[in-house]
Amino acid sequence: MLSSTSVAGHSRTSRAGLAPSSTQRCCSRPFTTRRVRLTPRAAAASNKQLPAEADVVVVGAGLTGLNAAAVLRKRGLAPVILEAGDAVGGRTRTDVVDGFLLDRGFQIFLTGYPEARETLDFEALQLQPFYAGARVWYNGQFHTVADPLRHFVDGLLSLTNPIGSVVDKVNVGLFRLKTLIGPLDAIFEKPETTILERLRAEGFSEAIIDRFFRPFLGGIFFNTQLTTSSRLFEFVMRMLATGQNCLPAAGIGAMAQQLQARLPADSIYTDVRVQQVLSAAGGSPARVQLADGSSITASKGVVVAVEGPEAARLLGGALDAAPSKREAGVGTCNLYFKAPQPPSPDNVLYLNGTGSGLVNNCCFPSTVAPSYAPAGQTLVSVSTIGTQPDLSEQQLIDAVKQELSAWFGQQQVSTWSHLRTYRIPFAQPNQNPPTNFSRPVALGAGLYVAGDHRDSATFDAALKSGRRAAEALLQEQGGAAAAAAGSRAVVQASA
Ligand SMILES: Cc1cc2nc3c(=O)[nH]c(=O)nc-3n(C[C@H](O)[C@H](O)[C@H](O)COP(=O)(O)OP(=O)(O)OC[C@H]3O[C@@H](n4cnc5c(N)ncnc54)[C@H](O)[C@@H]3O)c2cc1C
């Protein structure tokens, strides 16, 4: 029987860069890794009496809602957060199963993220980097694709492998440098096309597109058709050029735990699903309605920080003037196995460059962050694009193991035992062109909306979106306070 719980991160006040050594090699585990303390997650106020009123109600305790609440709190307000799930974190939660850390879907933290740098305590996250590159399964063997600026020798050696031409490899380096030109925000204003069209326009061959970019970018955006916006491609390439791709030592859920620690435990209510959000009208403030018919009024406003489709449901007509994209989102399936040892100790991401099969990417998180597995054991993470609804869980496990037996050998894979499968139908909203990655967050009449459907679908944009909504509310409150002070002055002067 598997034992499962959630993981708490660590909150510290100091800000610093990456904890681990910056030396990275593909062929060994070179990092200095500090011991990770796993504690029971900080209690949220699920069993407390809900208040009838608050100054602000935040709906949703993902990164967006937590950051919105943290910003509001820092500026003197006392937001109450209502979360439908049994813990904070939303899509960025980590479960502990038999001592293994299972992120709810394979996710990678990029240290280049600008908003995260401003918001999170990187040192406390104990970020453990992946090898800067990937190992691509193609034509019956693995081929390394390395970032030449980080792994010069590997980069040189990989020039002649079949994952694209020499020109392609040089082009990757040049494109990487090109993305560094100009202000970061300008990327989201540029004319856009799809990633596929952009790659072709940049002169990349179909070979490198199919064997590397499809599984690599397709894995990031859950879209191997590469119809995602070229703006996101440029953003991610810039993030990869300016930082490292990492796992937090305590799991991806550590980000949310860190934000949660900045808020009073009795301000977060879990297992509370909001049914409807009502705007301010006729002198009554905005309010949220719960399943039991009760409601909570929010004198200064309601911030709706839930997934796009749910935001549209809760806000109804209030979103009509500035709707998020309505097309269906993208999904994934993430299977975890435990193994006695990894096929190699390398902290590298494995990609499927064959263009066929179920598996898109695979890695051994405990070779990146040893805390992901109990001592002497290995965690295996396997991701597919889409949720594979036609396969039963056992069929999926069998198919994935069979496919990876070709990659790592039957003897190795036969020792893996299944831990858990996460099917995630809505991992990210649709991000195909046309996009608007800075949709308005203030809807009027005391309503605000935030989330990865207003900005883009990254941890960074979720944090930014939460801050934007909080700042919009604070600004309107400041304006209202100034107006009230002005009208008081007029009354006093005329008295
Ligand atoms: C598998 C996967 C892989 C990803 N990989 C990456 C990656 O590598 N890098 C990256 O930067 N980003 C990645 N992302 C995207 C990133 O995780 C999300 O964009 C981000 O976490 C969204 O945060 P959010 O707070 O806006 O939404 P959510 O995390 O979805 O939070 C919304 C919260 O609202 C709650 N809620 C919903 N309805 C209600 C209601 N009616 N009442 C009360 N509460 C409600 C939900 O329970 C949830 O907790 C990935 C996402 C997934 C799923």
Side-chain angles (χ1 to χ4, degrees), residues 44 57-69 80-93 102-113 115-116 130 217 219-222 232 235-236 239-240 243 245-248 252-253 255-256 259-260 268-277 288-291 296 302-315 324 329-334 349 360-361 363 381 383-387 422-429 431 437 449-466 468-469:
V57 172
V58 176
V59 186
L63 293 177
T64 302
L66 289 168
N67 198 37
V80 160
I81 307 184
L82 306 178
E83 165 57 47
D86 62 359
V88 304
R91 276 170 272 170
T92 59
R93 286 180 61 175
L102 309 188
D103 295 332
R104 292 191 179 181
F106 174 59
Q107 319 203 16
I108 294 184
F109 185 91
L110 303 180
T111 61
Y113 281 156
E115 188 79 18
F130 275 88
L217 297 170
I220 293 176
F221 301 117
F222 307 112
L232 284 173
F235 175 71
V236 165
M239 292 301 100
L240 292 172
N245 30 342
C246 296
L247 294 175
I252 214 75
M255 290 185 289
L259 294 173
Q260 180 184 19
I268 304 175
Y269 295 81
T270 53
D271 296 310
V272 176
R273 180 167 290 279
V274 170
Q275 290 299 342
Q276 207 185 348
V277 176
V288 298
Q289 210 152 54
L290 309 179
I296 305 176
V302 175
V303 179
V304 175
V306 302
E307 305 87 332
E310 178 70 350
R313 188 187 75 79
L314 290 177
L315 287 160
S324 300
V330 289
T332 179
C333 194
N334 187 200
L349 180 68
N360 184 72
N361 55 277
C363 71
S381 166
S383 299
T384 73
I385 306 300
T387 54
Y422 294 94
R423 293 193 204 234
I424 304 167
F426 186 86
Q428 294 172 354
Q431 300 193 98
F437 291 127
V449 62
D452 68 349
H453 53 105
R454 305 309 284 180
D455 294 70
S456 62
T458 62
F459 311 141
D460 201 62
L463 293 169
K464 181 177 176 187
S465 183
R468 286 208 300 127

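In listed order, ligands and their atoms are each counted from 1. Hydrogens, waters and symmetry mates are skipped; everything else that's a heavy atom, side chains included, is used.
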If we number the atoms of ligand 1 from 1 as shown, the ones under 4.0 Å from a heavy atom of Thr92 are 17 (O), 21 (O)

Nearest heavy atom to atom 42 (N) of ligand 1, choosing from Thr458, Leu247, Val274, Asp86, belongs to Val274

| Going by heavy atoms, is Tyr422 under 4.0 Å from ligand 1? | no

Here the atoms of ligand 1 under 4.0 Å from any heavy atom belonging to Val59 are 42 (N), 43 (C)

With heavy atoms and a 4.0 Å threshold, my read on which part of Gln107 contacts ligand 1 is both

Nearest heavy atom to atom 15 (C) of ligand 1, choosing from Ala450, Gly65, Ala457, belongs to Ala457

Atom 24 (P) of ligand 1: closest protein heavy atom, distance to 0.1 Å, is Thr64 OG1, 3.3 Å

Rounded to the nearest 0.5 Å, the CD atom of Gln107 sits from the CZ atom of Arg91 at a distance of 9.0 Å

| Hey, are Asp452 and Ser465 close enough side-chain-wise for a donor-acceptor pair under 3.5 Å? | no

Atom 37 (C) of ligand 1 has as its nearest protein heavy atom Glu307 OE1, 3.1 Å

Closest to atom 33 (C) of ligand 1 among protein heavy atoms sits Glu83 OE1, 3.6 Å

Here the atoms of ligand 1 under 4.0 Å from any heavy atom belonging to Gly62 are 25 (O), 29 (O), 31 (O), 33 (C)

Quick note on ligand 1: atoms under 4.0 Å from a heavy atom of Asp452 include exactly 18 (C), 19 (O), 22 (C), 26 (O)

Quick look: Ala305 vs ligand 1, heavy-atom contacts under 4.0 Å, and the answer is backbone

closest protein heavy atom to atom 39 (C) of ligand 1 is Val306 CG1, 3.6 Å

Numbered in order shown, the ligand 1 atoms found under 4.0 Å of a heavy atom of Phe106 are 3 (C), 5 (N)

- Message: Using a 3.5 Å cut-off on N or O atoms only, is Leu63 in polar contact with ligand 1?
- Response: yes

Under a 4.5 Å cut-off applied to non-hydrogen side-chain atoms, are Phe222 and Asn360 in contact? no

The closest protein heavy-atom partner of atom 13 (C) of ligand 1 is Phe459 CE2, 3.5 Å

Leu82 heavy atoms within 4.0 Å reach ligand 1 at atoms 43 (C), 44 (N)

Query raised in the report: Should Val80 and Tyr269 count as side-chain neighbours, where that means a heavy-atom distance under 4.5 Å?
Result: yes

message = Over 60° means perpendicular and under 30° means parallel, so tell me whether Phe109 and Phe459 are parallel, tilted or perpendicular.
response = parallel

Side-chain contact, heavy-atom cut-off 4.5 Å: Asn245 with Leu110? yes

If you scan protein heavy atoms around atom 38 (N) of ligand 1, the nearest is Glu310 CG, 3.3 Å

Quiz item: Parallel under 30°, tilted from 30 to 60°, perpendicular over 60°: which one fits the rings of Phe106 and Phe130?
Solution: perpendicular

When rounded to the nearest 0.5 Å, the distance separating CE of Met255 from OG1 of Thr92 is 4.5 Å

Let's go through Leu290 and Leu82 carefully: what are the C-alpha distance in whole Å and the side-chain angles of both, what is the deciding distance for side-chain contact (heavy atoms from CB on, under 4.5 Å) to 0.1 Å, and is it a yes or a no? CA-CA 10 Å; Leu290 309 179; Leu82 306 178; 4.1 Å; yes

At under 4.0 Å between heavy atoms, what of Phe222 touches ligand 1? The answer is side chain

| message | Taking the side chain as everything from C-beta on, heavy atoms only, tell me whether Leu463 gets closer than 4.5 Å to Leu259. | response | yes

Do the non-hydrogen side-chain atoms of Arg93 and Asp86 ever get within less than 4.5 Å of each other? yes

- Any Val272 heavy atom less than 4.0 Å from ligand 1: yes

At under 4.0 Å between heavy atoms, what of Ala427 touches ligand 1? The answer is both

Exam field: side chain Thr332 to backbone Thr384, donor-acceptor pair closer than 3.5 Å: yes

For the 3.5 Å polar cut-off, considering only N or O atoms, please tell me whether Arg313 and ligand 1 meet it. no

For atom 30 (O) of ligand 1, the closest protein heavy atom turns out to be Arg91 NE, 2.8 Å

Rounding to 0.5 Å, atoms OG (Ser383) and CG (Asn361) come to a distance of 4.5 Å

Atom 34 (O) of ligand 1 has as its nearest protein heavy atom Gly60 CA, 3.3 Å

Under 4.0 Å from one or more heavy atoms of Ile108, ligand 1 contributes atoms 7 (C), 8 (O), 9 (N)

Numbered in order shown, the ligand 1 atoms found under 4.0 Å of a heavy atom of Gly90 are 29 (O), 31 (O), 48 (C), 49 (O)

Less than 4.0 angstrom from a charged side-chain N to a carboxylate O is my criterion; do Arg273 and Glu310 meet it? yes

Among Tyr269, Phe426, Tyr113, closest by heavy atom to atom 10 (C) of ligand 1 is Tyr113

Side chain to side chain, Val274 and Val302, heavy atoms closer than 4.5 Å: no

Answer whether the closest heavy-atom distance between the side chains of Val449 and Arg454 falls below 4.5 Å.
-> yes

